[in-house]
Amino acid sequence: MLFILDRKETVVGVLNNSSPAPCPYYDDLHTENLETGVNQYEFKVPANHEMAETLEVDGYVILKDLDDKFQMFQIKDIAETAGENGYDKDVYAEHVAIPELLGSIVRPATLKSYTLQNAVNYVLAGSGWALGEYDFLTSKDIVFDNFTTVLDALYQIAEAFDCELRYEVIFSNNKVSRRLI
């Protein structure tokens with residue numbers, strides 16, 4: 001099941017393959033690369049279904065991943081193509097974390113004996129994102145020599161603590177209430 005949200009993050013529809021009436025989606029592909037940060041989602045819907053009209057560039061799609069966590073993607077492109085049973089809408093979306101975290105800057109700083117929690121909270125301040133689950137209690141020195149994006153700072157922290165970045169949104173009552181890393 002996919003939740004479709006408009007540009008204001010209001011739920012405007014649901015795509016579902018489990019029952020005959022809702023709009024189906026197919027040929028979906030979630031590509032995630034932890035090393036490069038690529039996190040995208042692609043899928044198709046029948047172009048003539050009324051629910052297909054709710055899909056819009058800069059709107060959002062929310063789905064559950066294999067770990068049962070909600071992931072939120074922003075629609076970047078929609079193309080109409082000829083399919084086997086008529087026309088399809090091909091939807092390409094990128095995870096919301098990437099552009100949002102690339103849009104904030106961390107000033108040069110030296111973080112002496114910072115825990116993972118303290119370091120992540122430092123770089124996420126004002127970004128709209130917060131630290132989610134983690135299990136590191138050690139502390140490290142982390143140096144940001146130059147101005148850098150929040151995303152690059154997070155990669156630097158992840159490398160220092162030898163951990164992976166994972167994203168999640170808390171989605172309940174048809175609202176996104178938190179964005180977690």
Side-chain angles (χ1 to χ4, degrees), residues 1-105 123-124 126-130 132 148-155 158 164-181:
M1 181 178 337
L2 303 179
F3 296 92
I4 306 303
L5 289 74
D6 65 13
R7 293 176 182 149
K8 295 179 182 178
E9 297 185 14
T10 303
V11 174
V12 293
V14 175
L15 305 179
N16 190 339
N17 292 330
S18 298
S19 56
C23 183
Y25 62 97
Y26 40 91
D27 294 343
D28 60 325
L29 176 65
H30 180 197
T31 305
E32 183 176 18
N33 186 318
L34 298 174
E35 291 177 16
T36 64
V38 169
N39 195 341
Q40 58 196 31
Y41 186 64
E42 301 172 60
F43 63 95
K44 294 180 181 190
V45 297
N48 64 349
H49 196 285
E50 67 183 57
M51 190 60 62
E53 294 300 317
T54 63
L55 295 163
E56 62 182 352
V57 172
D58 293 331
Y60 301 93
V61 177
I62 294 180
L63 60 109
K64 278 194 176 183
D65 65 15
L66 297 175
D67 295 321
D68 212 30
K69 307 277 187 190
F70 284 110
Q71 300 298 320
M72 186 171 173
F73 296 83
Q74 186 171 36
I75 298 171
K76 296 297 183 182
D77 188 43
I78 300 174
E80 200 163 303
T81 59
E84 290 180 19
N85 298 319
Y87 286 95
D88 294 327
K89 279 195 175 183
D90 298 358
V91 180
Y92 170 79
E94 294 178 354
H95 202 285
V96 294
I98 308 307
E100 289 179 7
L101 298 174
L102 284 172
S104 298
I105 301 296
V123 300
L124 289 179
S127 71
W129 288 79
T148 187
T149 66
V150 169
L151 187 60
D152 287 335
L154 287 169
Y155 281 128
E164 295 176 353
L165 296 179
R166 295 183 40 156
Y167 309 104
E168 173 187 8
V169 294
I170 304 302
F171 181 69
S172 60
N173 297 323
N174 289 333
K175 292 185 114 180
V176 176
S177 58
R178 296 182 70 202
R179 289 165 156 77
L180 301 174
I181 297 177

How long is the gap from [atom1] on [X] to [atom2] on [Y], to the nearest 0.5 Å?
X     : Y     : atom1 : atom2 : answer
Leu15 : Asp28 : CG    : CG    : 10.5 Å
Leu63 : Gln71 : CG    : CD    : 7.0 Å
Asp6  : Asp58 : CG    : CG    : 11.0 Å
Lys64 : Phe3  : NZ    : CZ    : 8.0 Å
Phe43 : Leu55 : CZ    : CG    : 5.0 Å

With sequence neighbours excluded, residues passing salt bridge (charged side-chain N to carboxylate O under 4.0 Å, His left out) with Lys76: none
Partner set under salt bridge (charged side-chain N to carboxylate O under 4.0 Å, His left out) for Arg166, not counting sequence neighbours: Asp67
Contact summary for Cys23 and Pro46, nearest pair of heavy atoms: SG-CD, 4.0 Å
Taking side-chain contact (heavy atoms from CB on, under 4.5 Å) as the test, write out the residues that go with [X], two or more places apart.
X      : answer
Asp88  : Tyr26, Lys44, Thr81, Asp90
Leu66  : none
Thr54  : Ile4, Val12, Met51
Leu165 : Leu154, Tyr155, Ala158, Tyr167, Ile181

Holding to side-chain hydrogen bond (donor to acceptor under 3.5 Å, both in side chains), I want the full list of residues that pass it with [X], two or more places apart in sequence or in another chain.
X     : answer
Lys69 : Glu133
Glu32 : none
Asn16 : Ser18
Thr10 : none

Pair listing, ring pair (Phe, Tyr, Trp, His ring centres under 6.0 Å) test, anchored in residues 67-91, at least two apart: His30-Phe73, Tyr41-Phe73, Phe70-Phe171, Phe73-His95
Single hit among Ile75, Val169, Val96 for side chain to side chain contact (heavy atoms under 4.5 Å, CB included) with Tyr60: Val96
Pairs touching residues 168-181 that satisfy side-chain hydrogen bond (donor to acceptor under 3.5 Å, both in side chains), sequence neighbours left out: Glu9-Arg179, Glu100-Arg179
Side chain Asp77, main chain Val57, donor-acceptor under 3.5 Å: no
